[in-house]
A.B. asks: 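Quick one: the structure is below, and I'll ask about it shortly.
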Amino acid sequence: MQNILEVQNLAKCFGSAEVLNDISFSLTQGEVVSIIGSSGSGKTTLLRCLNFLEQPDAGKIIVNGETLFDAQDPSTKLEKNLRHKRLHFGLVFQSFHLFPQYTAKRNITLAMELHAKERPDYRAEKKNILAELSVRADALLAEVGLSDKAGLYPYQLSGGQQQRVAIARALALNPEILCFDEPTSALDPELSAEVLGTIRRLAEIGRTMILVTHEMSFARQVSSRVLFMADGRIHEQGTPEEIFGAPKTPRLQSFLQNS
């Protein structure tokens, strides 16, 4: 099966601090790859590089055979192409990042409308296009179990509900790869279960996902593969059974014992 994502030798420094070092992995359609590791191991920076919120210092990012970033090729670093590149990825942050002045549904439709305005037929077909986007937003809210919350504002929603709106928003532009950055870290156990249940359902229907998580049992259950990062490197990668059941390195063994 062809890889939907190839990450080759990615590196990133902030000043003299080396945050990512020679990161390489791939992802096929429908896979769920979980990334685990201690705080400061580079997990979030890796996701930010994949979503073009940070620019790597070295390496390549290839999606569906197209090189989106090559540190050796200046043409892949042009700011004008960033929006198009980001469409390949959807990112769900730790702290929701919903717009407080908009309803749940409007938080989902906003990006879709901005993207639709680039269509050549937008002005002529605006009414029909906006109606289609409204229907899609309703479907996404239903997918995350929030059909009855469409008209509520973020302050009227629980943390778990806000995160589920954020997941729906990330899905709105049909990204090939959905990324999660510690999606339950700001939630209590009950609300975490809501969000993890939504992610589990997405995995069951074949969504391709990268999940940075501290939920070890969930990563073991839902992942196709698991990457263990430490000090900006991938120290081990393998199936959940290999990573959690038979860790090879003392570093991973120690991490799992203390998790």
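Computed over heavy atoms, backbone and side chain alike; hydrogens, waters and symmetry mates excluded. Sequence positions, counted from 1, serve as the residue numbers for this chain.
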A.B. asks: Write down the atom of L178, the atom of L202, and the distance for their closest heavy-atom approach.
C.D. replies: CD2-CD1, 3.9 Å

A.B. asks: Rounded at 0.5 Å granularity, tell me how far CG in L53 sits from CZ in R48.
C.D. replies: 5.0 Å

A.B. asks: Would you say the ring centroid of Y153 lies under 6.0 angstrom from that of Y102?
C.D. replies: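 So the answer is no for these two rings.
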
A.B. asks: When hydrophobic residues are tied together by side-chain contacts of less than 4.5 Å, even through go-betweens, does F96 share a cluster with I199?
C.D. replies: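 Yes, because F96 and I199 connect within a single hydrophobic cluster, where side-chain heavy atoms sit under 4.5 Å apart.
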
A.B. asks: Kindly indicate whether the side chain of H97, heavy atoms from C-beta on, has any atom under 4.5 Å from the side chain of V92.
C.D. replies: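 H97 does not reach V92 side chain to side chain.
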
A.B. asks: Answer yes or no: is there an ion pair linking D121 with R119, defined by an N-O contact shorter than 4.0 Å?
C.D. replies: yes

A.B. asks: Could you grab the distance from atom CG of L157 to atom CD of Q162, nearest 0.5 Å is fine?
C.D. replies: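 So the gap between those two atoms works out to 5.5 Å.
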
A.B. asks: L110 versus E113: any side-chain heavy-atom pair under 4.5 Å?
C.D. replies: no

A.B. asks: Hey, any chance F180 and M229 share a hydrophobic cluster, counting ILVMFWY side chains that come within less than 4.5 Å of each other, even indirectly?
C.D. replies: no

A.B. asks: Any chance OH of Y122 has more than 12 other-residue heavy atoms, nucleotides or ligands included, within less than 6.0 Å?
C.D. replies: yes

A.B. asks: Over all heavy atoms of both residues, which pair between I62 and Q8 is shortest? Give the atoms and the distance, please.
C.D. replies: CD1-NE2, 3.6 Å

A.B. asks: Treating D73 as the side-chain partner and S75 as the backbone partner, does any N or O pair qualify as donor plus acceptor under 3.5 Å?
C.D. replies: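 Confirmed, D73 side chain pairs with S75 backbone.
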
A.B. asks: Over all heavy atoms of both residues, which pair between A230 and S41 is shortest? Give the atoms and the distance, please.
C.D. replies: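 Looking at all heavy atoms of both residues, the closest pair is CA-CB, 3.8 Å.
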
A.B. asks: Looking at L187, is its backbone amide N or carbonyl O close enough to the side chain of T184 to form a donor-acceptor pair, meaning the two atoms are under 3.5 Å apart?
C.D. replies: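 The answer is no, because no donor-acceptor pair under 3.5 Å joins these two groups.
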
A.B. asks: Would a distance-only check, ignoring hydrogens and angles, find a side-chain to backbone donor-acceptor pair under 3.5 Å from D70 to Q72?
C.D. replies: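 Indeed, once roles are kept as given, a pair shorter than 3.5 Å links the two residues.
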
A.B. asks: According to a 4.5 Å side-chain heavy-atom criterion applied to Ile, Leu, Val, Met, Phe, Trp and Tyr, with indirect links allowed, do I108 and I167 form part of one hydrophobic cluster?
C.D. replies: yes

A.B. asks: Please check if atom CD in E79 has more than 12 non-hydrogen atoms from other residues, nucleotides or ligands closer than 6.0 Å.
C.D. replies: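 Counting other residues, nucleotides and ligands, CD of E79 stays at 12 neighbours or fewer.
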
A.B. asks: Hey, are K60 and E6 close enough for a salt bridge, meaning a charged N less than 4.0 Å from a carboxylate O?
C.D. replies: no

A.B. asks: Are V222 and M209 connected, step by step, through hydrophobic side chains (Ile, Leu, Val, Met, Phe, Trp, Tyr) whose heavy atoms are closer than 4.5 Å?
C.D. replies: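 Yes, because V222 and M209 connect within a single hydrophobic cluster, where side-chain heavy atoms sit under 4.5 Å apart.
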
A.B. asks: Examine distances only and state if a side-chain atom of D181 and a backbone atom of T44 form a donor-acceptor pair shorter than 3.5 Å.
C.D. replies: no

A.B. asks: Please work out which of the three classes, parallel, tilted or perpendicular, describes the rings of F52 and F89, given edges at 30° and 60°.
C.D. replies: perpendicular

A.B. asks: Is there a side-chain contact between S185 and H214 (heavy atoms, below 4.5 Å)?
C.D. replies: yes

A.B. asks: So does S26 get a backbone contact from the side chain of R225, meaning a donor-acceptor N/O pair under 3.5 Å?
C.D. replies: yes

A.B. asks: Apply side-chain contact (heavy atoms from CB on, under 4.5 Å) to residues I61 and L10 and explain how you reach the verdict.
C.D. replies: CA-CA 8 Å; I61 300 171; L10 220 61; 4.0 Å; yes

A.B. asks: Step by step, work out the side-chain contact (heavy atoms from CB on, under 4.5 Å) result for C49 and Q55.
C.D. replies: CA-CA 6 Å; C49 286; Q55 186 176 106; over 6 Å; no

A.B. asks: Do side-chain atoms of T67 reach the backbone of F69 as a donor and acceptor pair under 3.5 angstrom?
C.D. replies: no

A.B. asks: Hey, does the side chain of T198 reach the backbone of R164 with a donor-acceptor pair shorter than 3.5 angstrom?
C.D. replies: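 It does not hold such a pair.
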
A.B. asks: Are the side chain of K85 and the backbone N or O of T76 linked by a donor-acceptor pair below 3.5 Å?
C.D. replies: yes

A.B. asks: Once you round to the nearest 0.5 Å, how far does OG of S95 lie from CD of E182?
C.D. replies: 12.0 Å

A.B. asks: At what distance, to the nearest 0.5 angstrom, does CD of Q161 lie from CG of L191?
C.D. replies: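 Answer for the CD-CG pair, Q161 versus L191, is 8.0 Å.
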
A.B. asks: Do V226 and T239 have side chains that approach each other closer than 4.5 Å (heavy atoms only, starting at C-beta)?
C.D. replies: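 They are not in side-chain contact.
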
A.B. asks: Would you check if the side chain of E66 reaches a backbone N or O of V63 as a donor-acceptor pair within less than 3.5 Å?
C.D. replies: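 Such a contact is absent between E66 side chain and V63 backbone.
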
A.B. asks: Could you pull out all donor-acceptor pairs under 3.5 Å where a side-chain atom in residues 138-147 meets a protein atom, sequence neighbours excluded?
C.D. replies:
unit_1	atom_1	unit_2	atom_2	d
D138	OD1	K105	NZ	3.0
D138	OD2	K105	NZ	3.3

A.B. asks: With a 4.5 Å heavy-atom cut-off, do I210 and L27 have their side chains touching?
C.D. replies: yes

A.B. asks: Working note: L227 + I36, criterion side-chain contact (heavy atoms from CB on, under 4.5 Å); need CA distance, chi angles, decisive distance, verdict.
C.D. replies: CA-CA 6 Å; L227 312 182; I36 62 173; over 6 Å; no

A.B. asks: Taking E18 for the side chain and G232 for the main chain, is one N or O donor matched with an acceptor at less than 3.5 Å?
C.D. replies: no

A.B. asks: When you compare the side chains of R200 and Q221, does any donor N or O come within less than 3.5 Å of an acceptor on the partner?
C.D. replies: yes

A.B. asks: So C179 and L91, do their side chains get closer than 4.5 Å, heavy atoms only?
C.D. replies: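 Heavy-atom side-chain distance check passes, below 4.5 Å.
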
A.B. asks: State yes or no: do L87 and L82 share one hydrophobic cluster built from I, L, V, M, F, W and Y residues joined by side-chain heavy-atom distances below 4.5 Å, directly or via other members?
C.D. replies: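 L87 and L82: separate clusters.
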
A.B. asks: Show the nearest heavy-atom pair for residues R169 and N107, with the distance to one decimal.
C.D. replies: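 Taking R169 first and N107 second, the nearest heavy atoms are CD-O, 3.3 Å.
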
A.B. asks: Where do P240 and S223 come nearest, in terms of heavy atoms and distance?
C.D. replies: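 Residues P240 and S223, closest heavy atoms: CG-O, 3.3 Å.
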
A.B. asks: Taking atom types as modelled and ignoring hydrogens, do the side chains of N81 and R86 form a donor-acceptor contact shorter than 3.5 angstrom?
C.D. replies: no

A.B. asks: Which pair of heavy atoms, one from T28 and one from Q2, lies closest together, and at what distance?
C.D. replies: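 Shortest heavy-atom separation between T28 and Q2 comes out as CG2-O, 4.0 Å.
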
A.B. asks: Taking 4.0 angstrom as the limit, do E236 and R251 come out as a salt bridge?
C.D. replies: no

A.B. asks: What is the distance from atom CG of L50 to atom CD1 of I177, rounded to the nearest 0.5 Å?
C.D. replies: 7.5 Å

A.B. asks: So E118 and R83, do their side chains get closer than 4.5 Å, heavy atoms only?
C.D. replies: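 They are in contact (side-chain heavy atoms under 4.5 Å apart), so the answer is yes.
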
A.B. asks: Measure the shortest side-chain to side-chain distance between I35 and L46 over non-hydrogen atoms and say whether it is less than 4.5 angstrom.
C.D. replies: yes

A.B. asks: Under 3.5 Å, which donor-acceptor pairs link side chains of residues 123-132 to any protein atom two or more places apart or in another chain?
C.D. replies:
unit_1	atom_1	unit_2	atom_2	d
E125	OE1	N128	ND2	2.9

A.B. asks: Report the distance from atom NZ of K43 to atom CZ of F228, rounding to the nearest 0.5 Å.
C.D. replies: 9.5 Å

A.B. asks: If you apply the rule side-chain contact (heavy atoms from CB on, under 4.5 Å), what do you find for E176 with T208, and how did you get there?
C.D. replies: CA-CA 7 Å; E176 285 105 326; T208 306; over 6 Å; no

